[in-house]
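Before any comments, here is the structure.
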Amino acid sequence: MKYDPHKIEEKWQKKWDKEKTFKVTEDPQKKKYYLLEMFPYPSGKIHIGHVRNYTIGDVVARYKRMKGYNVLHPMGWDAFGLPAENAAIEHKIHPLKWTNDNIAHMKKQLKRMGFSYDWDREVSTCEPQYYRWEQLFFLWMYEKGLAYKKRSTVNYCGKCETVLANEQVEGGLCWRCSTEVTEKTLDQWFFKITAYIDELLEYCDKLPGWPEKVLTMQKNWIGKSYGCEVDFPLIGSNKAIKIFTTRQDTLFGATFMLIAAELPLVMELAKGKAIENDVRQFVEKVKKQDKLMRTSEYYEKEGIFLEAYCENPLTGKHMPIYATNFVLADYGTGCVMAVPTHDQRDFEFAKKFNLPLIVVIQPKGKTLDAEKMTEAYTEEGILVNSGKFDGMENLKALENIADYLESLDRGKRTIQYRLRDWGISRQRYWGAPIPMINCKKCGIVPVKETDLPIVLPRDVVLSAEGGSPLTALKKFVETTCPNCGNDAQRETDTMDTFVESSWYFDRYCSPDTDIKPGLDRKKLDYWMPVDQYIGGVEHAIMHLLYARFYTKMLRDFGVIGVDEPFTNLLTQGMVCKETMKCTEHGYLFPEQAAEGKCHLCQKEVIIGKTEKMSKSLKNVIDPDYLVQTYGADTARIFCLFTAPPEKDLEWSDQGVEGSFRFLNRLWRIFLEYWEDIKKIKTLSISHQLEGELKNLRRKTHQTIRKVTIDIEDRFHFNTAISAVMELVNAIYQLERPASTDKIALAVVREALETAIILLTPIVPHITEELWKMLGNKTEVSDVSWPEYDKAIASEEEITVVVQINGKLRSRMIVPVDEDAEKIKAVALADEKIKSLIKDAKVAKVIYVPNKLVNIVIAS
RNA sequence: GCCUGGGUGGCGGAAUUGGUAGACGCAAGGGACUUAAAAUCCCUCGGUCCUUGAGGCUGUGCGGGUUCAAUUCCCGCCCCAGGCACCA
C-alpha cells in the first residue's frame, strides 16, 4: 500500500469540513486559547509566505487543542485595498467581483492545506456588516475629538488627476504615465493616536510576550525625547522663531537658523524682497525632492538666505535665517538652531555658506580651534564660550541651561515625539466610506448613527485618471445635511485599510453580532486578548501600533475590556526570492522567465535583488504545485523544517523532496510493523528493558521531551521535526523483532505511536490516517499530548571530552553525574593526555559537569 | 540616511545559560539491489597538511579584545534584509 497523500488529505478535510471539527463556542469550564494569524489581503492566490504563516499558526493551534485548551482559530479577509482598483483598471473587473473571486479561490486553497479554522467566524472587511461598525466608531471618535481634519500633503499626478500611493511613485514619476509627481495639499482626516502616546509607550515595557526587537522599533517610532522649546526673536519684528532642541547645552554656539523650506514662514520672510522669486523656486524644488533622501547624511545640503535675522536669546548675537532642504517640516516646529561646531549637518552647511563657527564644547585633554575644524565635534566635553556655564560638563549643563531659559522666560522644557497622528484619508474608491457630510451652512456634520452604514456604492466606473470615482457619483455625493436639512455633500474620502485590520480580531469573537456596537462584550471578555498572534515582521511597527491604539480607544468606549490586544507575538521572517526583470516588459513571474528569457520578447532576463516575495515584484512561488505534486502535509512540514519561524527564508526548490521522502519513510516503517503491532498493548512505565530495546524506549521518551520543549517554549519546529526524524531513524536501525516477541513489538508500537502523535499538529492528515490504521476509534487530534517519563528518558552514561588549554584532545565515557574529582583523575590518567602533558605543569583543571574537563598547562 | 534584525560547510539549518562547531535534511560522490531505470538500503562528505592517525593545523562575514574556554560577551568595520507613516 503506497502513501497516497491526495486521497488521505481530501478524505480528512472533507470530514473536518462536514463535522465542523474546529468550530468553537465559549465554554467557561475550559481554558481558552486565542490563536490568531494575520489575515491575508485577497490578492488572488495564496503564496508561500501565507503557507508558512498559517502552517506555523496551525501547528500551535492544534498543539494547544491537544493540550486541552478551547482554541479559537479564525480566518478572514483584509478585503479593501489598492490592488483591487488596479485590477479593475487593468482588467475591467469590478473590485468587488475581483475581491470575492479571489477570496473564493484562496479559501479553497487554505482548506486544501488542512488548516484547523473555525470557518463559521469568517470575516470579510469589504462587507457593510463589517465596516458599518468602524463607521460607528468613527462617529464616536469624531465626538471625542479623536478624529479630526487637518491640511496635509499627498503625492499627485497632474496628468492622471489622481492621488498616488508611495508605491505608485517610481523615482519621482507616476508609475502609469511617468509624469513628474507633485505635492498637493488637501484637507484630510486624522486619528489622534497621539492622545494615547504615553500609554502606548509605557505598555512597551508591559508586553513580555513580544519580541524585544519589535518593542524597540515601536519605542523608537514613538520617539519620545526630552528637550527645550526656545524662542529666537526676529530682528525688526515682535515675533520670534520657536525651535525645539534636545541640545540646549550647545545654545551658545548657535550661529544661524534653519527652516524647513515648505513652512509658510519661509515665504512670509521673503515676501516683498528682491529674492522672493528665487526663494519660491527653491521651495518648489525642495518639495519635489524625495523626503527620505533629503535628511540623508550624503545628500546635498541646500539652502537659501532669506535676508532675515533672529537673535540668539543667550548670546544676543544676530543669526542669519536660511530655508533648507534637510530640516523636516513636521518634526518639532520645523525650525532648527544651527550649531555648526557640534552638528555635522550644520557644519557642512556653515562651510558651504561661509557662516561663523563658535566652539562651545571642548573635549577633555584637547583644544578645538574653530578655524581648523574639518568636521563637527559631537562627543561629550566641557563647556566653553558659554557665559556662566563655562567649565561645566555638557551633559550636566542640559538641566542648568533649561532652568536658565525658563527663568529668562525665553524657553521651557518640553517633550517631543516623533510619532505623528494617523492620517486615514484615502482619495480612493475601494475602502470604507468616512461617515461625514459637508454642509455649506453647518460645515462638517457627522452622519446620524441611525443612517449607518454608509454603503460603498457598486455602480462606479474605474479608470486610471480622474481621481476617486466616488466624487463623480452624484447619487452618492448628493445628500441633505442632518443638521439643517439643506443640500449637502458626502465625504468622498475612504478609510486607510489599516483601520479594518485594527479590530478584526475583536470581530472574530462575535462575527455575527448585528446590534450596536457590533461586538458582544460577553464573548469578547471570554476570548480577548489574543494569546498568540503570528505574522510577518514587516508589520512590526505600523499595523501593530495602530491595532494597539484602536484597542485602547475601544476600551475607553467600553466596547472591550482589555488594554492590549496581543499577549504574545511571533514575528515570522519573510519568504524572499530574487526578482527577475525584462528591460522591456518589467518584472516577470518565474514561469514567465523560463530559461532566463522573457516569455514575450525572448530578451535576456536581468536577475535583480533578493526581496520579500510580493505580487508587485512578481517574485512569487505558487504553492499549488507543491500540494499537487506532494500533498499538503509535505508542503506544511517543508515550510517548518526549512528554517525557524522568525528567520527569513530565502526560497529554493531544493529540500521539498526530502520532506516528502520522510513522510514516505514513516509510512513504510509503519506498514512494516502494522500487522504485528495492531493488537499489541504498550508496556507499563515500570517495565524493565535491556540493550537495544531500552535504548529505543529512551529515545522515544527523549523525543517527547525535545518536541514538547521545542514547540511550547520556542516555536522551533525545525528541530522538533529533526527529533522525530531521529526517532524514526532509530526504529529503522532496530533489528526487526520476531512476530512473537510481544515485548519488542510493544516498544516499537510505543515509538511509532509517539512519532505519530508528535507529528499530528505538523502533518495532520497522514498521522490521522496512520492512527486509524492502528485500530484507534478516536481521532489523533483528540488525543492528549503525551508526557515523557523522566526515568526512562535519562541517560546512564555520557561522553565527557578532555581539553588541554581549551583544545579537544580526548574523550571518555563515564557514568552520568559522576563525582568531579574522580572524573578529573580519570582525565589526567588518560594515556593520550599523559603523553601530551609530559613534564608540563598543570596549572588548573576545570570540570563542567557532564560536559568536559579542561586541563590548563603552562606552555 | 535613520531605526531594527541577520551573516555558521556546496545549500537550508543545529549547537536552549560562555563549555565537544556542523544535529537533522538537501545536493554531490561511491557501493548494494535490478536486465535496466526509478524507488529503497548502506558508506563518504568544512578546508588543509603529512608521517593516513582514535593524526596535526585551521575554520562560525572581517579586524581587535575579555576568558582556562567565544558561533555565543565587548569595541570597530563590511555585506544582506525589513520598516520609514498612501503596498498590505
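Order of the sequence lines sets the chain letters (A, B, ...), proteins ahead of strands, with each chain counted from 1.
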- [ ] Have a look at A:Gln572 and say if it touches a base, only the backbone sugar-phosphate, or nothing, with a 4.0 Å heavy-atom cut-off.
- [x] nothing
- [ ] Mind checking A:Pro211 for me? I need base, sugar-phosphate or nothing, with any heavy atom below 4.0 Å counting as a touch.
- [x] nothing
Task: Footprint string (nucleotides 53-58 of chain B, 5' to 3'): B base within contact, S backbone only, - free, heavy atoms under 4.0 Å - done: ---SSS
- [ ] Looking at every strand, decide which applies to A:Trp221 at a 4.0 Å heavy-atom threshold: base, sugar-phosphate, or nothing.
- [x] base
TODO: Could you check whether A:Val154 gets within reach of a base, just the sugar-phosphate, or nothing at all, counting any heavy atom under 4.0 Å?
DONE: base
- [ ] Have a look at A:Ser501 and say if it touches a base, only the backbone sugar-phosphate, or nothing, with a 4.0 Å heavy-atom cut-off.
- [x] nothing
TODO: Indicate, with a heavy-atom threshold strictly under 4.0 Å, whether A:Gly573 touches base, sugar-phosphate, or nothing.
DONE: nothing
- [ ] Could you check which of B:rA69, B:rA88, B:rG83 has an atom nearest any side-chain atom of A:Ile541?
- [x] B:rG83
Task: Selection from B:rA81, B:rU16, B:rA85 that lies nearest to any side-chain heavy atom of A:Leu419 - done: B:rA85
Task: Stretch residues 79-88 of chain A: residues that reach within less than 4.0 Å of RNA chain B through a heavy atom - done: A:Gly81, A:Leu82
- [ ] Write down the distance between CE (A:Met725) and C1' (B:rC26), rounded to a whole number of angstrom.
- [x] 10 Å
- [ ] Could you check if a side-chain atom of A:Tyr148 sits within less than 4.5 angstrom of a side-chain atom of A:Asp421, using non-hydrogen atoms only?
- [x] yes
- [ ] From the options B:rC24, B:rC68, B:rC86, select the nucleotide whose nearest atom is closest to the side chain of A:Asp496.
- [x] B:rC86
Open item on the list: Does B:rG9 count as syn, meaning its glycosidic angle lies within 90° of 0, or as anti?
Closed with: syn
Task: B:rG25 to B:rC2 separation - P atoms, rounded to the nearest Å - done: 44 Å
Open item on the list: Taking any heavy-atom pair under 4.0 Å as a contact, classify A:Asn729: base, sugar-phosphate, or nothing.
Closed with: sugar-phosphate
TODO: Could you work out which one of B:rG13, B:rA88, B:rC87 sits closest to the side chain of A:Asn718?
DONE: B:rG13
Open item on the list: If the cut-off is 4.0 Å, is A:Thr497 near the phosphate of B:rA88, judged by side-chain N/O to OP1 or OP2?
Closed with: yes
TODO: Choose from B:rA88, B:rC24, B:rU20 the nucleotide whose nearest atom is closest to any side-chain atom of A:Val801.
DONE: B:rU20
TODO: Could you state the atom-to-atom distance from CD1 of A:Ile721 to C1' of B:rC24 in whole Å?
DONE: 10 Å
- [ ] In whole angstrom, give the distance that lies between atom CD1 of A:Ile804 and atom P of B:rA69.
- [x] 14 Å
- [ ] Would you indicate what A:His539 reaches in the nucleic acid, counting non-hydrogen atoms under 4.0 angstrom: base, sugar-phosphate, or nothing?
- [x] base
Open item on the list: Which nucleotide wins on minimum distance to the side chain of A:Val856, given the candidates B:rU20, B:rC24, B:rC68?
Closed with: B:rC68
Open item on the list: Looking at B:rC86, I'd like to know if its phosphate oxygens (OP1 or OP2) sit under 4.0 Å from a side-chain N or O belonging to A:Arg426.
Closed with: yes
- [ ] Over 60° means perpendicular and under 30° means parallel, so classify the ring planes of A:Tyr41 and A:Trp98, tilted if in between.
- [x] tilted
TODO: Give the rounded distance in Å between these two atoms: CZ of A:Arg661 and P of B:rG25.
DONE: 10 Å
TODO: Establish whether the base of B:rC3 is bridged to the side chain of A:Asn220 by a donor-acceptor pair shorter than 3.5 Å.
DONE: no
Open item on the list: Applying a 4.0 Å non-hydrogen cut-off, can you work out what A:Ile855 is touching in the nucleic acid: base, sugar-phosphate, or nothing?
Closed with: nothing
Any N/O pairs under 3.5 Å between the protein and nucleotides 46-51 of chain B? List them or say none.
none

Open item on the list: Testing the 3.5 Å rule here: is there a donor-acceptor pair between the side chains of A:Glu491 and A:Trp189?
Closed with: yes
- [ ] Could I get the full list of side-chain contact (heavy atoms from CB on, under 4.5 Å) partners for A:Glu85, not counting sequence neighbours?
- [x] A:Arg428, A:Tyr429, A:Trp430, A:Leu462
TODO: Can you run through RNA chain B from 5' to 3' and write each base as (, ), [, ], | or . depending on how it pairs? Watson-Crick or G-U wobble, both distances under 3.5 Å.
DONE: (((((((..(((......[....))).(((((.......))))).(((((..).))))..(((((..]....))))))))))))....
Task: Note: A:Asp496-A:Arg426 ion pair, threshold 4.0 Å (strictly below) - done: yes
Open item on the list: Are A:Trp503 and A:Tyr130, when compared by the centres of their aromatic rings, separated by less than 6.0 Å?
Closed with: yes
Task: Shortest side-chain distance from A:Arg668, nucleotide among B:rC41, B:rC68, B:rU4 - done: B:rC41
TODO: Compute whether any side-chain donor of one residue and acceptor of the other, for A:Thr579 and A:Asn619, lie under 3.5 angstrom apart.
DONE: no
Task: Test item: A:Tyr550 and A:Val499 side chains (from C-beta on) under 4.5 Å apart, heavy atoms - done: yes
- [ ] Give A:Phe641 one of three labels, base, sugar-phosphate or nothing, depending on what nucleic acid heavy atoms sit under 4.0 Å from its own.
- [x] base
TODO: Would you mind checking if A:Asp4 and A:Lys2 are paired as a salt bridge, meaning a charged N to carboxylate O distance below 4.0 Å?
DONE: no
- [ ] Let me see the working for A:Tyr630 and A:Phe638 under ring pair (Phe, Tyr, Trp, His ring centres under 6.0 Å), right down to the final yes or no.
- [x] CA-CA 11 Å; A:Tyr630 304 103; A:Phe638 169 71; 9.0 Å; no
Task: Pairwise C1' distance for B:rC33 and B:rC41, with rounding to whole Å - done: 8 Å
Task: Protein-nucleotide distance (A:Lys844, atom NZ; B:rU67, atom P), rounded to Å - done: 10 Å
- [ ] Only counting residues at least two apart or in another chain, list the ones meeting salt bridge (Lys or Arg N to Asp or Glu O under 4.0 Å) with A:Lys213.
- [x] none
Open item on the list: Regarding B:rC84, can its base be found pairing with the side chain of A:Glu538 as donor and acceptor, where the two atoms are less than 3.5 Å apart?
Closed with: no
Task: Listed nucleotide nearest any side-chain atom of A:Met217, set B:rA88, B:rU4, B:rG7 - done: B:rU4
Task: Pairwise P distance for B:rU67 and B:rG29, with rounding to whole Å - done: 49 Å
- [ ] Please check if the distance between the ring centroids of A:Phe641 and A:Phe662 is under 6.0 Å.
- [x] no
TODO: Let me know, please, whether A:Lys706 or A:Thr642 comes out on the 5' side of the other along RNA chain B by nearest nucleotide.
DONE: A:Thr642
Task: Nearest-angstrom distance from the residue atom OH of A:Tyr3 to P of B:rA39 - done: 17 Å
- [ ] For A:Lys2, report the nucleic acid contact type (base, sugar-phosphate, nothing); a contact means any heavy atom under 4.0 Å.
- [x] nothing
- [ ] Would you verify whether the NZ or CZ of A:Arg665 falls within 45 degrees of the ring axis of A:Tyr3 while also being under 6.0 Å from that six-membered ring's centre?
- [x] no
- [ ] In whole angstrom, give the distance that lies between atom CG of A:Leu640 and atom P of B:rG12.
- [x] 18 Å
TODO: Round to the nearest Å and state the distance from A:Arg428 atom CZ to B:rA88 atom P.
DONE: 8 Å
- [ ] Indicate yes or no: at least one non-hydrogen side-chain atom of A:Ile434 is less than 4.5 angstrom from one of A:Ile424.
- [x] yes
- [ ] Counting heavy atoms from C-beta on, name the nucleotide in B:rA88, B:rA85, B:rG19 closest to the side chain of A:Ile846.
- [x] B:rG19
Open item on the list: At 4.0 Å (heavy atoms only), tell me whether A:Gln427 reaches a base, stays on the sugar-phosphate, or touches nothing.
Closed with: base
- [ ] Identify whether any heavy atom of A:Val163 sits under 4.0 Å from a base atom; if not, whether one sits that close to sugar-phosphate; answer base, sugar-phosphate or nothing.
- [x] base
TODO: Could you tell me whether the side chain of A:Phe717 reaches within less than 4.5 Å of the side chain of A:Cys639, counting heavy atoms only?
DONE: no
- [ ] Select base, sugar-phosphate, or nothing to describe what A:Phe498 touches, counting heavy atoms under 4.0 Å on all strands.
- [x] base
Open item on the list: So, OP1 or OP2 of B:rG83: does either fall under 4.0 Å of a side-chain N or O from A:Arg418?
Closed with: no
